Amino acid sequence: MGVTAIIPARAASKSIPNQNVRIVAGHPLVYYSIMKAKKSRYIDRVIVTTDSEDIGIIANQLGVELWKRSDALSRDDVTIDAVVYDVVKNCVDSEYIVTLQPTSPLLSVDTLDNAFEYCFEKKLDSLVAVINDQRYSWVIDDNKRIPNYTRRVNREELPKNYLESGAFLISKTCIVSQESRIGDNTDIYEIPRIESYGIDSFENLQIVKYILQSKKTAIYVNGNNMMGMGHIYRSLEIADELYSKPDIIYNSSITDVSVFGSTTHTLIKVDDEEELINKCKSEQYELFINDVLDTSIDYMNRLRDVLPHTKIVNFEDAGDGILKADVVFNALYNERVLPYVYSGEKYFIIGRRFLYYEPIKIKDKVKNVFISFGGADPSNYTERLLKIVSKENYSNVNFIVVVGRANKNYKKLLRYSNKNIKIEYDVTNMPELMSKCDFAITSRGRTGFELAYLGIPTIAIAQNHREEMHSFVSNENGFSYIGLNPSDSIIESNLQVYINMSMEVRLEYQKKLLSHDLRSGRTRVMGLINYI
């Protein structure tokens with residue numbers, strides 16, 4: 001049972017000049033249909049029918065046959081049926097032919113081969129590629145606009161409405177004529193909508209080009225109560241900036257899957273580095289993002305060995321593995337140690353929900369205080385603060401205390417709840433809580449950037465020696481940074497200063513905090529990832 005692919009690709013195109021030879025994502029448009037045919041398990045012969053010298057060169061370079069189309073068959077009014085029949089009657093003796101259009105470059109080989117199997121199993125004369133396009137439509141009858149439905153229901157409840165996509169048409173060779181490639185025993189084959197996308201305008205050409213340029217992406221990320229949860233949050237934000245669904249890979253010996261919350265992104269568990277490397281080798285990602293703190297040179301060398309042509313991007317990496325990365329983003333530090341290391345607050349990725357909110361309005365008096373030490377709080381600052389603010393002299397101030405889902409002391413902390421202390425666990429809308437407060441107390445990580453974005457005056461404490469090196473949350477940038485593991489007396493004295501601080505002074509702090517452009521960080525980061 002032989003199958004011949006016939007690819008009609010003429011030179012002239014009115015809507016998009018030189019359409020079939022335009023370079024789209026690195027290849028001429030006709031390249032994609034030729035390569036799909038060559039990779040199919042069922043196609044044993046590929047013929048390009050054309051009147052174009054350029055397309056003839058492309059066909060020869062790709063090792064497929066060329067059929068020189070006559071001028072008479074290259075006019076605008078000639079049907080594809082006549083063009084295909086011209087090839088069939090002259091040089092095809094296989095049982096089936098399939099017409100593949102260069103204008104449908106997103107068709108996958110798997111979809112095409114599955115369609116062949118369906119056609120052979122059903123012993124069909126012909127099989128037409130379609131998409132299901134359920135929607136309300138109207139017709140004109142006797143100059144009247146008439147709906148083709150009797151009652152309005154949810155779109156998915158409408159009858160299936162199949163439209164021909166033009167991606168492929170499989171036919172028995174014996175039924176092909178100058179007027180038709182459709183036999184008596186014909187069926188339709190539904191293909192994914194994205195694979196049906198055809199190029200018939202410059203707008204469609206731009207969309208298809210963008211899709212073809214999209215890279216197969218993986219994000220390797222870990223987070224726990226020691227390394228913090230900011231890596232998880234940032235990776236989910238990056239995943240939402242991509243126009244394809246990445247694989248989000250995590251090491252189950254480091255990270256509990258629950259820290260990802262209710263995300264619908266694809267989560268893939270590996271048990272160790274060896275399994276991660278094997279996964280990369282099999283998948284051959286085109287873009288690989290590490291958000292796992294410091295990487296080693298050994299790890300990056302192993303990654304490079306299995307992904308030699310892959311763009312590798314690292315976040316928050318101060319290890320020697322950065323020597324093997326293509327680009328590194330260290331928003332928490334200011335020092336740019338290598339030309340491709342981008343440091344400082346300009347590269348901080350603010351959470352999407354924060355972009356919905358405006359900076360807080362500074363009030364006359366302090367009424368509400370926000371307290372949060374990240375998702376894990378390994379130094380247990382939360383309980384130290386709760387012991388302080390539980391004192392009677394703070395009863396006239398409200399404290400909103402946020403505890404992350406990686407904090408193992410959550411149940412113990414609940415006992416501090418009272419009329420002016422509200423403990424919030426695993427918050428889904430952090431900016432909403434922050435916006436209710438007049439000042440904040442936090443650590444030197446991601447939360448400091450978020451408070452600065454909202455213009456909330458903040459006291460900051462370092463969780464560990466690594467956070468001591470974080471540069472943004474500093475006095476010069478509008479924070480009151482009181483160091484690593486300060487005494488309770490220092491914490492409390494600063495707390496009292498802020499509670500009694502005048503509106504004018506808090507406005508000055510806010511002015512400094514808002515002088516940093518934290519809104520544009522995600523755009524800068526994604527621009528560099530896509531460009532470099």
Side-chain angles (χ1 to χ4, degrees), residues 1-9 24-25 27 29-48 62-64 80-81 84 87-88 92 94-134 156 159-176 180-199 204 207-208 211-212 214-216 244-247 266 268 282-286:
M1 183 185 295
V3 179
T4 296
I6 299 175
I7 300 172
V24 182
H27 297 288
L29 187 60
V30 71
Y31 164 92
Y32 296 100
S33 52
I34 293 173
M35 293 308 296
K36 296 293 190 310
K38 290 185 68 173
K39 291 177 181 178
S40 169
R41 298 193 306 273
Y42 298 101
I43 295 172
D44 44 32
R45 190 180 178 195
V46 182
I47 302 174
V48 176
L62 294 177
V64 298
I80 294 292
D81 295 314
V84 170
V87 179
V88 168
V92 175
S94 56
E95 186 174 354
Y96 282 90
I97 63 106
V98 58
T99 310
L100 296 175
Q101 297 278 23
T103 50
S104 298
L106 301 180
L107 175 69
S108 74
V109 177
D110 285 344
T111 297
L112 181 59
D113 282 350
N114 290 339
F116 279 128
E117 290 169 5
Y118 181 83
C119 182
F120 301 156
E121 180 187 348
K122 299 291 184 182
K123 297 181 172 55
L124 299 172
D125 290 337
S126 42
L127 184 66
V128 182
V130 300
I131 57 168
N132 178 24
D133 193 38
Q134 291 167 280
E156 59 270 16
K160 290 186 180 295
N161 181 43
Y162 293 110
L163 303 180
E164 292 191 21
S165 77
F168 65 80
L169 198 163
I170 302 170
S171 311
K172 276 189 173 177
T173 305
C174 61
I175 63 96
V176 176
S180 177
R181 289 164 288 154
I182 304 291
D184 294 333
N185 184 19
T186 293
D187 203 346
I188 57 174
Y189 191 84
E190 186 177 351
I191 67 174
R193 181 173 289 271
I194 192 169
E195 294 186 27
S196 73
Y197 218 97
I199 296 174
N204 287 356
I207 292 169
V208 169
I211 294 170
L212 286 170
S214 296
K215 294 178 173 63
K216 187 177 183 182
S244 59
K245 208 169 183 179
D247 288 347
T266 303
I268 297 174
S282 65
E283 295 294 335
Q284 286 300 297
Y285 298 108
E286 297 166 282

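It should be emphasised that the depicted structure is a prediction, and the values quoted were computed from it without experimental measurement.
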- prompt: So, the side chain of Lys172 versus the backbone of Gly183: is there a donor-acceptor pair under 3.5 Å, distance only?
  reply: no
Check: Ile211 and Ile194 side chains under 4.5 Å, non-hydrogen atoms: yes
query: So do Lys215 and Tyr285 actually touch side chain to side chain, heavy atoms under 4.5 Å?
result: no
- request: Please report the shortest heavy-atom distance between Ile207 and Tyr197, naming the atom on each side.
  value: CD1-OH, 3.1 Å
message: How close do Ile47 and Thr4 get, counting heavy atoms only, and between which atoms?
response: CD1-CG2, 3.9 Å
Shortest non-hydrogen contact from Ala9 toward Pro102: CB-CG, 3.9 Å
query: side-chain contact (heavy atoms from CB on, under 4.5 Å) between Leu163 and Val130: does it pass, once the steps are laid out?
result: CA-CA 5 Å; Leu163 303 180; Val130 300; 6.0 Å; no
query: Do Asp125 side-chain atoms and Thr186 backbone N/O form a donor-acceptor pair below 3.5 Å?
result: no
- prompt: Measuring from Gln101:CD to Leu29:CG, what's the distance to the nearest 0.5 Å?
  reply: 10.5 Å
task: State, yes or no, whether a side-chain contact exists between Ile7 and Val30 at a heavy-atom distance under 4.5 Å.
output: yes
- prompt: Rounded to the nearest 0.5 Å, how far apart are CG of Leu169 and OG of Ser180?
  reply: 8.5 Å
message: Any non-hydrogen side-chain atom of Ile131 less than 4.5 Å from a side-chain atom of Ile191?
response: yes
query: For Arg45 and Val3, what are the C-alpha separation, side-chain angles and deciding distance, and is it a side-chain contact (heavy atoms from CB on, under 4.5 Å)?
result: CA-CA 7 Å; Arg45 190 180 178 195; Val3 179; over 6 Å; no
message: For the backbone of Ser108 and the side chain of Glu195, can you confirm whether one donor and one acceptor N or O come within less than 3.5 Å of each other?
response: yes
- prompt: If you measure from CG on Asn204 to OG1 on Thr103, what distance do you get to the nearest 0.5 Å?
  reply: 10.0 Å
- prompt: Going from NZ on Lys36 to OH on Tyr31, what distance comes out if it is rounded to the nearest 0.5 angstrom?
  reply: 8.5 Å
query: Any side-chain heavy atom of Val84 sitting closer than 4.5 Å to one from Asp81?
result: no
- prompt: If we only count heavy atoms from C-beta on, is the Ile170 to Tyr189 side-chain gap below 4.5 Å?
  reply: no
- request: Measure the spacing between NE2 of His27 and CE of Met35 and express it to the nearest 0.5 Å.
  value: 8.0 Å
query: Are side-chain N/O atoms of Ser40 and Asp113 paired as donor and acceptor at under 3.5 Å?
result: yes
- prompt: Looking at Phe168, Phe116, Phe120, which one forms a ring pair (Phe, Tyr, Trp, His ring centres under 6.0 Å) with Tyr96?
  reply: Phe120
Side chain Ser104, main chain Gly198, donor-acceptor under 3.5 Å: no
message: Looking only at side-chain N and O atoms, does Ser126 offer a donor or acceptor that is under 3.5 Å from a partner on Ser171?
response: no
message: How close do Ser94 and Thr173 get, counting heavy atoms only, and between which atoms?
response: O-OG1, 2.7 Å
- prompt: Could you walk me through whether Lys122 and Glu117 pass the salt bridge (Lys or Arg N to Asp or Glu O under 4.0 Å) check?
  reply: CA-CA 9 Å; Lys122 299 291 184 182; Glu117 290 169 5; over 6 Å; no
- line: Taking every heavy atom of Leu127 against every heavy atom of Ala115, the minimum-distance pair comes out as CD2-O, 3.3 Å
- prompt: Given the rule in the side-chain contact (heavy atoms from CB on, under 4.5 Å) test, do Leu212 and Tyr32 qualify, once you have shown the distances and angles that lead to the verdict?
  reply: CA-CA 10 Å; Leu212 286 170; Tyr32 296 100; 3.8 Å; yes
query: CD of Gln134: more than 12 outside heavy atoms within 6.0 angstrom?
result: yes
query: How far does CD1 of Ile175 sit from CG of Leu124, to the nearest 0.5 angstrom?
result: 10.5 Å
Side-chain touch Val128/Tyr162, heavy atoms, less than 4.5 angstrom: no
- prompt: Shortest non-hydrogen contact from Arg193 to Asn132?
  reply: NH2-O, 2.9 Å
message: I'd like to know if Lys216 pairs up with Asp247 as an ion pair, taking the criterion as any Lys NZ or Arg NE/NH1/NH2 lying under 4.0 Å from an Asp or Glu carboxylate oxygen.
response: no
message: Less than 4.5 Å apart, side chain to side chain, heavy atoms only: is that true for Ile43 and Lys38?
response: no
query: Do we see a donor-acceptor contact under 3.5 Å between the side chains of Arg181 and Thr99?
result: yes
